[in-house]
There are 2 protein chains.
Amino acid sequence: MDIPKELRDSGLKATLPRVRILQLFQDGQHKHMSADEVYLLLHREPSDIGLATVYRVLMQLVDARILVRNQFESPVAVFELNQGGLHDHLVCTSCGQLEEFCDDALEHRQEEVARKLGFALREHSLSLYGTCVRCASEAGPSPKIRRS
Amino acid sequence: MDIPKELRDSGLKATLPRVRILQLFQDGQHKHMSADEVYLLLHREPSDIGLATVYRVLMQLVDARILVRNQFESPVAVFELNQGGLHDHLVCTSCGQLEEFCDDALEHRQEEVARKLGFALREHSLSLYGTCVRCASEAGPSPKIRRS
DNA sequence: CTGAGTGCAAACTTTTTGCAGCATG
DNA sequence: CATGCTGCAAAAAGTTTGCACTCAG
């Protein structure tokens, strides 16, 4: 899809930082990125886009519903394309591998629980933490995630 | 339960900061607290417990499985007593009201999904966001949560 | 008594903001 | 060419750490 157009359709000027950042997400190389990771990727080739701009652009893209912000366990926010559905995550606590999934039964049951408690459900965030096959089979996988 | 004993059973000396902090949680007045809230509550009566100590104690209590750390939408970590089960949350995005629940069907289904994707599930974090009855009925409820 | 624990202040990390200049539409 | 956007640097906000002193066991 034409990125400048997509931006303009959302009421944003198609400036270089915005185009480059959105491109990073659409390239699909890295589906989940923190502001910092975006900044580093941008600067793999010379660029003078500032970190503050990265934060501003990410926020605008979230407001424009182009991206979604996730706040897994750590205090760093992580962004990804808003692909409707697919907002649930399964994180390997050994290697950090991240799987996405969308399960209708789960979504359904959540609706039900919320209704039972008198809430109108608007959003949800479900993250499962465990060990992926690869790490489970290895003897002592080095924990890259957090010390907690 | 005897708080000093509970601490010693976990291998922690029963020091004043630890006792007072754990007391705050067991009093049940505030089930969910950030480090900052704990610090403020402690200082409602004169006290020289430092914020750094609050953070250290909270971390130790989490390590000791007495507390659980939650990272809802915002970047602030929120702590609560580890009551086994009951780890899911329903947050009203208008007034901030927080309901806890535990739904076997959901837990079960999560296990299943994880297994299907080849993961050994260890933990999960589910947060539902919506509008509670009270806020839904009011005209324009003031959003106290965050602007995102 | 003695090491674990503490208070304070300073460092760190992540994110936000103020402002003067730049570039898009 | 006007305003929205940007880069930089500085400030916030949340959390962690270094160090000398204190207190629980």
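Treat the numbers as computed from the prediction; the structure is a model and nothing was measured. Each chain gets a letter, A, B and so on, in the order the sequences are listed, and its residues count up from 1.
Taking A/R20 as the reference, nothing meets the salt bridge (Lys or Arg N to Asp or Glu O under 4.0 Å) condition, with sequence neighbours excluded. Remark: A/F25 engages A/I21, A/M33, A/V38, A/L58, A/L67, A/F79, A/L81 in a side-chain contact (heavy atoms from CB on, under 4.5 Å) (not counting sequence neighbours). With sequence neighbours excluded, no residue forms a side chain to side chain donor-acceptor pair (under 3.5 Å) with A/K13. With sequence neighbours excluded, no residue satisfies salt bridge (Lys or Arg N to Asp or Glu O under 4.0 Å) with B/E107. Annotation: salt bridge (Lys or Arg N to Asp or Glu O under 4.0 Å) contacts of B/E111 (sequence neighbours excluded): none. Partners of A/R56 under the salt bridge (Lys or Arg N to Asp or Glu O under 4.0 Å) rule, at least two apart in sequence or in another chain, do not exist in this structure.
One interatomic measurement links the two molecules: CG of B/L16 to P of D/dC23, which rounds to 10 Å at whole-angstrom precision. Protein atom CZ of B/R69 is 14 Å distant from nucleotide atom P of D/dG14, rounded to whole Å. Atom CD of B/Q71 and atom C1' of D/dT15 are 11 Å apart (whole Å). Counting to the nearest Å, the C1' atom of C/dT15 and the CG atom of A/D36 are 11 Å from each other. In this structure, A/E37 places its CD atom 15 Å from C1' of C/dT15, rounding to the nearest Å. Rounding to whole angstrom units, CD of residue A/E73 and C1' of D/dT15 are separated by 16 Å. Protein atom CZ of B/F72 is 16 Å distant from nucleotide atom P of D/dG14, rounded to whole Å. For the pair A/L7 CG and C/dG25 C1', the computed distance is 14 Å after rounding to whole Å.
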Please set out all donor-acceptor pairs under 3.5 angstrom arising from side-chain atoms of residues 113-130 of chain A, sequence neighbours excluded.
residue : atom : partner : partner atom : Å
A/R122  : NH2  : B/T131  : OG1          : 2.7
A/H124  : ND1  : A/Q110  : OE1          : 3.4
A/H124  : NE2  : A/D88   : OD1          : 2.9

Which donor-acceptor pairs under 3.5 Å do side chains of residues 39-48 of chain A form with protein atoms, sequence neighbours excluded?
residue : atom : partner : partner atom : Å
A/H43   : ND1  : A/S47   : O            : 3.3
A/H43   : NE2  : A/I49   : O            : 2.7
A/S47   : OG   : A/I49   : N            : 3.2

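The residue among B/T15 and A/R56 whose nearest nucleotide of DNA chain D lies closer to the 5′ end is A/R56. Residues A/A14 and A/V76 both approach DNA chain C. Their nearest nucleotides, taken by heavy-atom distance, put A/V76 toward the 5′ side.
Of the residues in residues 43-53 of chain B, B/D48, B/I49, B/G50, B/A52, B/T53 come within less than 4.0 Å of DNA chain C through at least one heavy atom, sorted by number.
Of the possible donor and acceptor atoms, one in the side chain of B/E37 sits under 3.5 Å from a partner among the backbone N and O of B/S34. At least one donor-acceptor pair closer than 3.5 Å links the side chain of B/S74 to the backbone N or O of B/V76. Put simply, the side chain of A/D103 gets close to the backbone of A/A105: a donor and an acceptor are under 3.5 Å apart.
The side chain of A/R8 sits closest to C/dG25 out of D/dC5, C/dG25, D/dT15. The B/A35 side chain lies nearest to D/dT15 when the options are C/dT6, D/dG7, D/dT15.
The closest side-chain donor-acceptor pair between B/Q83 and B/E100, if any, does not fall under 3.5 angstrom.
Residue A/M59 holds its CE atom at 7.0 Å from CG of A/D63, rounded to the nearest 0.5 Å.
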I would like to know whether A/I3 and A/Q23 meet side-chain contact (heavy atoms from CB on, under 4.5 Å); could you show each step before the answer?
-> CA-CA 7 Å; A/I3 292 187; A/Q23 215 158 39; 3.9 Å; yes

Write out a two-atom table: protein N or O, nucleotide N or O from nucleotides 10-12 of chain C, distance below 3.5 Å.
none

Name the pairs: protein N/O against N/O of nucleotides 1-4 of chain C, kept only if under 3.5 Å.
residue : atom : partner : partner atom : Å
C/dG3   : N2   : B/K13   : NZ           : 3.4

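End-to-end axis angle of the helix from C/dC1-D/dG25 to C/dG25-D/dC1, from C1' rotation axes over five pairs per end: 40° (rounded to 10 degrees).
At D/dT15, one or more side-chain N or O atoms of B/Y55 fall inside 4.0 Å of OP1 or OP2 (strictly under the cut-off).
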